[in-house]
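Working notes, beginning with the structure itself.
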Amino acid sequence: MDNFKLIYKILHELEQNMGNEDFVIYPVCAKELGISFEKWEYLLIALQDEGYIRGLGISDKPEDISRYITDTRGVGITIKGLEYLENNPLMLKVKKELGAGMK
């Protein structure tokens, strides 16, 4: 469940900042979420791969052993991400658990 809490926090923050051209990802960075950079990077890449977020710069060089984030400017939530945040039973459960702690 902890991974879904992290995903909820990331998507929620992106939802709160839709259209904010000055948005920086700091509020949901690895340090603020209390996780390793590697796990944070993996989650963001997975969210983009699934179509829930867009705008990440991700390495795609054949010589790279694994993919990594090259740029977070322009990251944002997609319509699919909004639907996931609002309609997925796990996200609704997490939202209820986090309660007043979230905007």
Side-chain angles (χ1 to χ4, degrees):
M1 179 61 85
D2 287 340
N3 288 323
F4 289 104
K5 286 180 182 177
L6 295 168
I7 289 168
Y8 179 86
K9 288 177 182 182
I10 293 166
L11 292 176
H12 178 76
E13 187 67 28
L14 293 175
E15 176 191 32
Q16 295 298 306
N17 283 283
M18 286 180 3
N20 178 0
E21 293 180 12
D22 297 325
F23 174 69
V24 290
I25 203 156
Y26 178 76
V28 286
C29 72
K31 181 179 178 183
E32 292 298 309
L33 292 173
I35 59 175
S36 71
F37 178 82
E38 293 80 11
K39 183 172 185 171
W40 173 82
E41 188 172 51
Y42 179 87
L43 287 172
L44 284 177
I45 291 171
L47 286 168
Q48 183 156 300
D49 286 349
E50 292 298 320
Y52 298 134
I53 66 173
R54 53 111 187 111
L56 284 178
I58 301 174
S59 71
D60 59 359
K61 298 175 187 171
E63 66 270 15
D64 291 336
I65 294 171
S66 61
R67 297 164 64 210
Y68 58 90
I69 295 173
T70 60
D71 193 359
T72 59
R73 294 173 294 178
V75 67
I77 193 167
T78 64
I79 297 297
K80 185 177 178 180
L82 290 170
E83 290 172 348
Y84 182 72
L85 193 58
E86 294 298 321
N87 298 323
N88 182 281
L90 282 173
M91 291 295 103
L92 295 173
K93 183 177 178 181
V94 169
K95 181 179 182 178
K96 187 176 180 179
E97 284 182 20
L98 294 174
M102 301 297 293
K103 292 182 192 176

Would you tabulate the side-chain donor-acceptor contacts of residues 71-79 under 3.5 Å, counting partners in other chains and residues two or more places apart, or write 'none'?
unit_1: D71; atom_1: OD1; unit_2: R73; atom_2: N; d: 2.9
unit_1: D71; atom_1: OD1; unit_2: R73; atom_2: NE; d: 3.0
unit_1: D71; atom_1: OD2; unit_2: R73; atom_2: NE; d: 3.3
unit_1: D71; atom_1: OD2; unit_2: R73; atom_2: NH2; d: 2.9
unit_1: T78; atom_1: OG1; unit_2: G51; atom_2: O; d: 2.5
unit_1: T78; atom_1: OG1; unit_2: Y52; atom_2: O; d: 3.1
unit_1: T78; atom_1: OG1; unit_2: K80; atom_2: N; d: 3.4
unit_1: T78; atom_1: OG1; unit_2: G81; atom_2: N; d: 3.0

| query | Under a 4.5 Å cut-off applied to non-hydrogen side-chain atoms, are L90 and I7 in contact? | reply | no
| task | Output every pair passing ring pair (Phe, Tyr, Trp, His ring centres under 6.0 Å) with a member in residues 58-80, not counting sequence neighbours, ordered by first then second residue. | result | none
| All pairs passing salt bridge (charged side-chain N to carboxylate O under 4.0 Å, His left out) where residues 47-58 contributes a residue, at least two apart | D49-R67
| For the hydrophobic clusters of this structure (ILVMFWY residues joined by side-chain heavy atoms under 4.5 Å, transitively), does one cluster hold both V24 and L47? | no
| field | Y8 side, atom OH; K93 side, atom NZ - distance, nearest 0.5 Å | value | 15.0 Å
| task | Can you measure from CG (L44) to CD1 (I69) and round to the nearest 0.5 angstrom? | result | 4.5 Å
| task | Could you tell me whether a side-chain N or O of T70 sits under 3.5 Å from a main-chain N or O of G57, the two making a donor and an acceptor? | result | yes
| query | Out of curiosity, I35 CD1 to K9 NZ, how far, rounded to the nearest 0.5 Å? | reply | 9.5 Å
| task | Indicate yes or no: at least one non-hydrogen side-chain atom of M18 is less than 4.5 angstrom from one of L82. | result | yes
| query | When clusters are formed by joining ILVMFWY residues with side-chain heavy atoms under 4.5 Å apart, either directly or through shared neighbours, do L92 and L6 land in the same one? | reply | no
| field | Cluster check L85, F4: I/L/V/M/F/W/Y, side chain < 4.5 angstrom | value | yes
| remark: CG (L11) and CG (N88) are apart, to the nearest 0.5 Å, by 10.0 Å
| said: What I'd like to find out is whether the side chain of H12 reaches to under 4.5 Å of the side chain of V28, using heavy atoms alone. | reply: no
| Could you state the interatomic distance from CG (L56) to CD1 (I25), rounded to the nearest 0.5 Å? | 6.5 Å
| field | Qualifying side-chain hydrogen bond (donor to acceptor under 3.5 Å, both in side chains) pairs, either residue in residues 17-32, two or more places apart | value | E13-N17, N17-N20, Y26-E32
| request: Among residues two or more places apart or on two chains, list those pairs meeting side-chain hydrogen bond (donor to acceptor under 3.5 Å, both in side chains) that have a residue in residues 35-45. | output: N3-K39
| said: For the NZ atom of K5 and the CG atom of L33, what is their distance to the nearest 0.5 Å? | reply: 13.0 Å
